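Structure, as C-alpha cells:
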Amino acid sequence: IRFVIDREECLSHNVEYEGDTVHVSFVVIKSETMWHSTDDGVDLLVTGPGNEHVHALHDRTSEKYEFMAREKGVYHFCFKNKSPYHETIDFDVQVAHFAYHDQHAQDEHFHPLFEQISKLEEALYNIQFEQHWLEAETDRQAVVNEGMSKRAVHKAIIESIALVGVSILQVYLLQRLFERKLGTSRV
C-alpha cells in the first residue's frame with residue numbers, strides 16, 4: 001500500500017491463526033517539498049488484538065520487521081509523522097501460516113512433502129517481499145537524487161549569476177578608477 005501521511009495514519013490486518021509469522025516493511029519514499037532534505041523518518045507502533053503493545057520503531061525512513069502473532073485477531077499498524085511535511089510511505093504486510101492440521105492426506109509420507117512445499121511457498125514470498133521493499137527503497141533514492149540534482153543546478157545558476165555580476169561590477173569600478181587617474185594626470 002502506498003499512501004500519503006500528514007500527522008498520523010493507522011492500518012489494520014487480520015491474523016487468522018495464533019502463531020502465524022507477520023512480515024512488515026515500509027519505506028518513506030518522498031516528502032511534499034523538494035527543499036526538505038532531512039531524514040527525520042516516521043514512527044511505527046504495532047498493536048495486537050486487545051490493544052497490547054507488540055513493537056515500536058522511531059525515526060525510521062525504512063524498516064523490515066517480523067514477529068510471531070501471539071493470538072489471532074486484528075493487528076494495527078499506526079504511523080506517526082513528526083515533520084511538518086506530508087510524507088509518501090510504501091507499506092507492506094504479509095502473514096505466513098503453516099497449515100499442518102488442515103491436510104486431507106492421511107499418509108505420513110506426505111507430511112514432509114507438504115512441509116517442504118509450505119516452506120518453499122514462504123521462501124518464494126519472502127523473495128517477493130524483499131523485492132517489493134527494495135523497489136520502494138529504490139523509488140525513495142530516486143526522489144532524493146532528483147531533489148539533490150535540482151538543488152545543485154539551482155546553486156550553479158545562482159553562483160554563475162553572482163560571478164557575472166561581480167565581474168561586471170569589477171569592470172565598472174576599474175573604468176571609473178582609470179577615468180579619475182587620467183583626469184588628474186592631465187591637469
Side-chain angles (χ1 to χ4, degrees), residues 1-13 22-47 51 53-67 75-94 123-187:
I1 300 172
R2 198 170 275 194
F3 60 95
V4 177
I5 181 174
D6 178 25
R7 290 286 165 232
E8 188 167 347
E9 189 75 32
C10 291
L11 302 163
S12 310
H13 191 77
V22 180
H23 300 272
V24 178
S25 76
F26 71 91
V27 177
V28 178
I29 294 179
K30 66 179 177 179
S31 177
E32 182 180 66
T33 175
M34 72 178 211
W35 294 106
H36 177 59
S37 61
T38 61
D39 288 331
D40 294 338
V42 295
D43 295 345
L44 171 63
L45 177 65
V46 181
T47 56
N51 265 349
H53 174 76
V54 175
H55 192 71
L57 298 166
H58 300 285
D59 299 326
R60 302 287 173 94
T61 56
S62 67
E63 188 66 41
K64 290 186 295 185
Y65 173 69
E66 69 179 50
F67 64 93
Y75 284 77
H76 301 280
F77 305 91
C78 292
F79 290 91
K80 186 174 182 181
N81 180 13
K82 294 184 276 187
S83 80
Y85 306 103
H86 289 80
E87 304 280 355
T88 300
I89 296 177
D90 190 288
F91 174 69
D92 194 12
V93 62
Q94 186 263 337
L124 287 173
Y125 189 82
N126 284 340
I127 291 170
Q128 187 179 25
F129 185 81
E130 183 77 18
Q131 284 177 333
H132 179 80
W133 184 80
L134 289 171
E135 197 175 282
E137 188 71 28
T138 302
D139 289 347
R140 178 181 178 275
Q141 291 299 324
V143 168
V144 168
N145 288 342
E146 184 180 321
M148 287 179 68
S149 67
K150 284 182 181 179
R151 286 191 294 274
V153 166
H154 288 129
K155 182 182 178 214
I157 290 172
I158 290 170
E159 286 177 350
S160 298
I161 290 171
L163 187 60
V164 168
V166 167
S167 298
I168 291 171
L169 179 65
Q170 221 174 12
V171 168
Y172 172 74
L173 291 174
L174 284 172
Q175 282 179 344
R176 285 201 55 205
L177 178 69
F178 282 115
E179 283 177 5
R180 286 187 181 170
K181 282 196 170 202
L182 287 175
T184 56
S185 64
R186 289 186 189 161
V187 177

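These numbers were taken from a predicted model, which means no experiment stands behind them. Residue numbers count from 1 along this sequence.
- With values rounded to the nearest 0.5 angstrom, Thr61 atom OG1 is found 4.0 Å from Arg140 atom CZ.
- What you find for His55 and Leu57 is that their closest heavy atoms are NE2-CD2, 3.3 Å.
- Residues Cys10 and His76 have side chains not in contact (no heavy-atom distance under 4.5 Å, counting atoms from C-beta outward).
- By the side-chain contact (heavy atoms from CB on, under 4.5 Å) test, Glu146 is found to be paired with Lys150, residues two or more places apart in sequence or in another chain being considered.
- Between Arg2 and Asp139, some side-chain heavy-atom pair lies under the 4.5 Å cut-off.
- Contact check on Glu63 versus Arg60 returns a salt bridge, with a Lys/Arg side-chain nitrogen under 4.0 Å from an Asp/Glu carboxylate oxygen.
- Atom CG of Asp6 sits about 15.0 Å away from atom CZ of Phe79, to the nearest 0.5 Å.
- Here the closest non-hydrogen pair linking Ile89 and Phe26 is CG2-CB, 4.1 Å.
- To the nearest 0.5 Å, atom CE of residue Met148 and atom CD of residue Gln141 are 10.0 Å apart.
- Formation of a donor-acceptor pair under 3.5 Å by the Asn145 side chain with backbone atoms of Ser149 is not found in this model.
- Taking the side-chain contact (heavy atoms from CB on, under 4.5 Å) definition, one finds that Lys80 meets it with Asp43, sequence neighbours left out.
- Taking CD1 of Ile29 as the reference point, atom CG of Asp90 lies at 4.5 Å (rounded to 0.5 Å).
- The shortest distance between side-chain heavy atoms of Phe67 and Val46 falls below 4.5 Å.
- Evaluation of the salt bridge (Lys or Arg N to Asp or Glu O under 4.0 Å) rule for Glu130 yields Lys64 as partners, not counting sequence neighbours.
- A side-chain donor-acceptor contact under 3.5 Å links Arg7 to the backbone of Ser83.
- The closest side-chain heavy-atom distance from Glu66 to Val24 is not below 4.5 Å.
- Using a 4.5 Å heavy-atom cutoff, the side chains of Ser25 and Phe129 are in contact.
- Between Ile168 atom CD1 and Leu173 atom CG the span is 12.0 Å, to the nearest 0.5 Å.
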query = Can you list the steps and then say if His23 with Asp92 is a side-chain hydrogen bond (donor to acceptor under 3.5 Å, both in side chains)?
reply = CA-CA 8 Å; His23 300 272; Asp92 194 12; over 6 Å; no
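- In this structure, NZ in Lys82 is found 12.0 Å from CD in Glu8, a value given to the nearest 0.5 Å.
- Contact annotation: the side chain of Phe91 never approaches that of Val27 to less than 4.5 Å [non-hydrogen atoms, C-beta and beyond].
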ask   = Between Phe77 and Tyr65, does a ring pair (Phe, Tyr, Trp, His ring centres under 6.0 Å) hold up when you go through it step by step?
value = CA-CA 12 Å; Phe77 305 91; Tyr65 173 69; 9.3 Å; no
